[in-house]
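Read the structure below first, then the notes.
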Amino acid sequence: MADEIKQHEKNGNFVQFYRDNMQAVSKLAGKNPTAFQIFMFICEHMDGYNALMASYQVFMDYTDKSKDTIRKAIKYLYDNGFVDILKSGTSNVYVINQAIAWTSYGNQKQYCKFNGNILISASENKDYYYRHHSAKIKALEERVGNAE
């Protein structure tokens, strides 16, 4: 068991690309650079089962492109088999085609499990930091006030 954990830690930060489809990824880079950029971004941030939940705003912030450009790029990725798109409420979960790239052990491909790597955009959540920390301060003040 200890050897398995060491091996997982050693290989936990890789993405493997399959040679059979590397030419398609290369052509993607030339044909639709924004779609390629999004594809690589998803590969970089996906969980161990090729999935990433992210809003269009995350991709807009990363690429500095408009929502319409992002929408078209993601549609291109979907239509050409680079990603699947699953729904989770009103959010999208992007799943890289496992025949192109994979980031876990090869014997895990049959499982449809998602750990929940979720990226949020600072521009969508401008007041999060303030709200989050002011609530902690308020709770601390209440505890101190009640202790006196």
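Just so it is clear, the values below take in all heavy atoms, side chains as well, and ignore hydrogens, waters and symmetry mates. All values derive from a computational prediction rather than experimental measurement. Position 1 is the first residue of the sequence, and the numbers go up from there.
In this structure, Phe39 and Phe82 have perpendicular ring planes: the angle between them is above 60°, well past the 30° mark.
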Using distance only, find each side-chain donor-acceptor pair of residues 23-38 under 3.5 Å and give its atom names and separation, not counting sequence neighbours.
{"from": "Asn32", "atom 1": "OD1", "to": "Ala35", "atom 2": "N", "distance (Å)": "3.1"}

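In this structure, His45 and Leu52 approach most closely via the heavy-atom pair O-CD1, 3.7 Å. Of all non-hydrogen atoms in Ala99 and Asn21, the two that sit nearest each other are O-ND2, 2.8 Å.
With a 4.5 Å cut-off on side-chain heavy atoms, Leu77 and Tyr94 do not count as touching. Annotation: side chain of Phe41 is in contact with side chain of Val58 (closest heavy-atom distance under 4.5 Å). Residues Asn92 and Lys87 form a side-chain contact, since some pair of their non-hydrogen atoms from C-beta on lies under 4.5 Å apart.
Judged by distance alone, with hydrogens and angles left aside, the side-chain atoms of Asp84 form no donor-acceptor pair with the main-chain N or O of Val95 at under 3.5 Å. Looking at Asp47, its side chain does come within 3.5 Å of a backbone N or O of Asn50 through a donor-acceptor pair. The closest donor-acceptor contact from the side chain of Asn97 to the backbone of Gly81 lies under 3.5 Å.
Scored by the side-chain contact (heavy atoms from CB on, under 4.5 Å) test, Asp68 finds Ser66, Arg71, Lys72 as partners (sequence neighbours excluded).
Taking OG of Ser55 as the reference point, atom CD1 of Ile70 lies at 10.5 Å (rounded to 0.5 Å). Atom CZ in Phe59 sits 15.0 Å away from atom NZ in Lys65 (nearest 0.5 Å).
Within 6.0 Å of CZ in Phe17 there are more than 12 heavy atoms belonging to other residues, nucleotides or ligands.
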